[in-house]
Amino acid sequence: MTTPRIDRVLKEGEIGSTLEVRGWVRTRRDSKQGFSFIELNDGSCMGNLQIVVDADVPGYEDTIKDVTTGASVAIEGELKESPGKGQRVELQATSLRVLGTADPETFPLQKKRHSFEFLREIAHLRPRSNTFGAVTRVRNVISRSIHNFFQSRDFVYINTPIITTSDCEGAGEMFQVTTLNVDRIAEIQTKIDYAQDFFGKKASLTVSGQLEAEIYATSVGPCYTFGPTFRAENSNTTRHLAEFWMVEPEMPFYELPDDMDLAEAFIKTIIKDVLETCPEDMEFFNKRIDNTVLESLQNVLDNEFIRLPYTDAIELLEKCDKKFEYPHEWGRDLQSEHERYLTEEHFKQPVILYDYPRTIKPFYMYCNDDGKTVRAMDVLVPRVGEIIGGSQREDRLSMLETRMAECNLDPEEYWWYLDLRRYGSVPHAGFGLGLERMVQFVTGMTNIRDVIPFPRTPKNAEF
RNA sequence: UCCCCGAUAGCUCAAUUGGUAGAGCGAGCGGCUGUUAACCGCUAGGUCGUAGGUUCGAGUCCUACUCGGGGAGCCA
């Protein structure tokens, strides 16, 4: 007897074959004297397998009452063509075992639709729902697609540290890591002596693996990091997490246009892979979450990303008729409403903005000859906004030192980073893609807390 | 962190000018049915987010706090 997952049974299960399925009951409809229908889901796909249990199945009377929504069961039977509508096959049960009951009085998941806010409070059960099952499967395919994309291009997967002591980069507020007894210190000292701490100095959770990735890009060649990233920013939005997953490729001998080419190919490949691998889940998102998702993803695949210098974008915003709440002027960063206008209304497709004012960007970006801009690029997509941020890195030692001085950074803290420019420096570039934002973009889910299994946000680290 | 909105049954929501709490779904029981978010009947289920205040009387008005939603900033 085989024990296939339900996605296989639904797709290619042979009529007449006998098999056992295991999973969790979604619903049961029955007739006291007749028989019962069970909708079984095992997480392998969106669809449920319909199981018909006749009253003559051994132990039917005693067992069937425990087959309630949420219960886990193992059922043997013969696969038959289904006379009913809505499914190709159904399993005619010959034996029925309840592995674990789920008290219907207290089991929180109903057959009915729940709000995402409620489901977030039961993060341990929400992956058993249609939406979160689908999100989980799509997220997995995106992760696989990310590795495939880079591996097929001979990029090296590297692991940059989670704990860092470089108090740097300005990418955001950092979570501190310490083994010091801070409760005790608060009682007896006014100042903390980090020499006594685990690493002998102040340590934090990483906000980016970029600087370390540059080390490997300039030694083993094109590489990428893919791991958790932490920002202690007090951001309360639908697109920020305190702990999220980021992909950061770094390529030697790449200049900004090469970086943009790679980013565009990257996003398109992920979308293509998801559409090919998860058609049912994507159909679900399009039907139940956002009915523009499939259309907009196809639109991304069919068109070249718009590439627009920051300066031209400002000009375009000045000329357009749209009234904005916030001003836009050269030298200021674009507001969300400006970015959204460009990608959602004006171009209606992804836009890569580049050559930003150097005053609003970090120290490591390559300075253009105009003295005013740096080779930075942001990829903006409809619905989500900024999904990728990247740049060509400053590879000239003296210019990097100038920029660090401008940004009030201590060169001694970055001695190893400067060494990369001192010894065999090469042009290089890279970018960062937030995994969760990509999942949002692909699925149409509007809140980032619903595309990661266990969201970490200000005041929220349950589970 | 800032602005706006919200918190009432297990879930989603309603409750008039301040007058003492209601529906649908879910659940239990019964009925019916090759059913498909099944259908019909009955039943149970609430310290109205927390703490204060105003009032004869507060779900309703005021204050603070907590949590949630939308928007903004920061960014991925």
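From a predicted model like this one, the values you see are computed outputs, not experimental measurements. Order of the sequence lines sets the chain letters (A, B, ...), proteins ahead of strands, with each chain counted from 1.
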Short side-chain donor-acceptor distance under 3.5 Å, A:S391 and A:R393: yes
Just call it for A:G432: base, sugar-phosphate, or nothing, with non-hydrogen atoms closer than 4.0 Å on any strand. sugar-phosphate
Pick base, sugar-phosphate or nothing for A:F118, based on heavy-atom distances below 4.0 Å to the nucleic acid. sugar-phosphate
Checking B:rG73, B:rA27, B:rA76 against the side chain of A:S235 (C-beta onward), the nearest is B:rG73
Can you identify which nucleotide, out of B:rA27, B:rU36, B:rA72, has its nearest atom closest to the A:K85 side chain? B:rU36
Salt-bridge present (A:E386, A:R239; N to O < 4.0 Å): no
Does the distance from a Lys or Arg side-chain N to an Asp or Glu carboxylate O, for A:K322 and A:E345, drop under 4.0 Å? yes
Is there, by distance only and without an angle test, a donor paired with an acceptor across the side chain of A:E90 and the base of B:rG34 below 3.5 Å? yes
Quick one: label A:R449 by what it contacts on the DNA or RNA (base, sugar-phosphate, nothing), any heavy atom closer than 4.0 Å. sugar-phosphate
Upstream residue (5' side of RNA chain B) when A:Q335 and A:K459 are each assigned their closest nucleotide: A:K459
Remember a base hit wins even if backbone is also touched, and classify A:L241 as base, sugar-phosphate or nothing at under 4.0 Å, heavy atoms. base
Atom-to-atom span, NZ of A:K111 to P of B:rG24 - whole angstrom: 17 Å
Indicate, yes or no, whether a donor-acceptor pair under 3.5 Å links the base of B:rC75 to the side chain of A:H240. yes
If you check every side-chain atom of A:N234, which of B:rC75, B:rU1, B:rU35 has the closest atom? B:rU1
Remember a base hit wins even if backbone is also touched, and classify A:N48 as base, sugar-phosphate or nothing at under 4.0 Å, heavy atoms. nothing
Select one nucleotide: of B:rA72, B:rG68, B:rU36, the one nearest the side-chain heavy atoms of A:N236. B:rA72
Side chain to side chain contact (heavy atoms under 4.5 Å, CB included) assessment of A:F244 paired with A:L435: CA-CA 7 Å; A:F244 63 99; A:L435 175 66; over 6 Å; no
Do we get A:K361 above A:Y356's six-membered ring, with its NZ or CZ under 6.0 Å from the centre and within 45° of the axis? yes
With a 4.0 Å cut-off on heavy atoms, is A:R340 in touch with a base, just the backbone sugar-phosphate, or nothing at all? sugar-phosphate
Closest-nucleotide mapping onto RNA chain B: is A:S115 or A:Q50 further toward the 5' terminus? I mean the 5' end. A:S115
Base, sugar-phosphate, or nothing for A:Q87, non-hydrogen atoms under 4.0 angstrom? base
Side chains of A:S208 and A:E248 only: does a donor on one sit below 3.5 Å from an acceptor on the other? yes
Once you round it to whole Å, what is the distance between P of B:rU36 and CG of A:N130? 18 Å
Any donor-acceptor N/O pair under 3.5 Å between B:rG10 base and A:Q110 side chain: yes
Charged N-O contact under 4.0 Å between A:R97 and A:D66: no
So what does A:P83 hit on the nucleic acid, given a heavy-atom distance under 4.0 Å: a base, only sugar-phosphate, or nothing? base
Scan A:Y326 against the nucleic acid and name what it touches under 4.0 Å (heavy atoms): base, sugar-phosphate only, or nothing. sugar-phosphate
Please state how far atom CG in A:L109 lies from atom P in B:rU12, giving the value in whole angstrom units. 12 Å
Stacking of A:F35 on B:rG34 base (centres under 5.5 Å, planes under 30°): no
In this structure, how many angstroms lie between the P atom of B:rG73 and the CZ atom of A:R231, rounded? 17 Å
Listed nucleotide nearest any side-chain atom of A:T238, set B:rC74, B:rU35, B:rG70: B:rG70
To the nearest Å, how far apart are A:E105 CD and B:rG26 C1'? 10 Å
Among B:rA76, B:rA27, B:rU36, the nucleotide that comes nearest once only the side chain of A:F244 is considered: B:rA76
Is a donor-acceptor contact shorter than 3.5 angstrom present between the side chain of A:R29 and the base of B:rC32? no
Across the strands shown, which category fits A:S36 at heavy-atom distances under 4.0 angstrom: base, sugar-phosphate, nothing? nothing
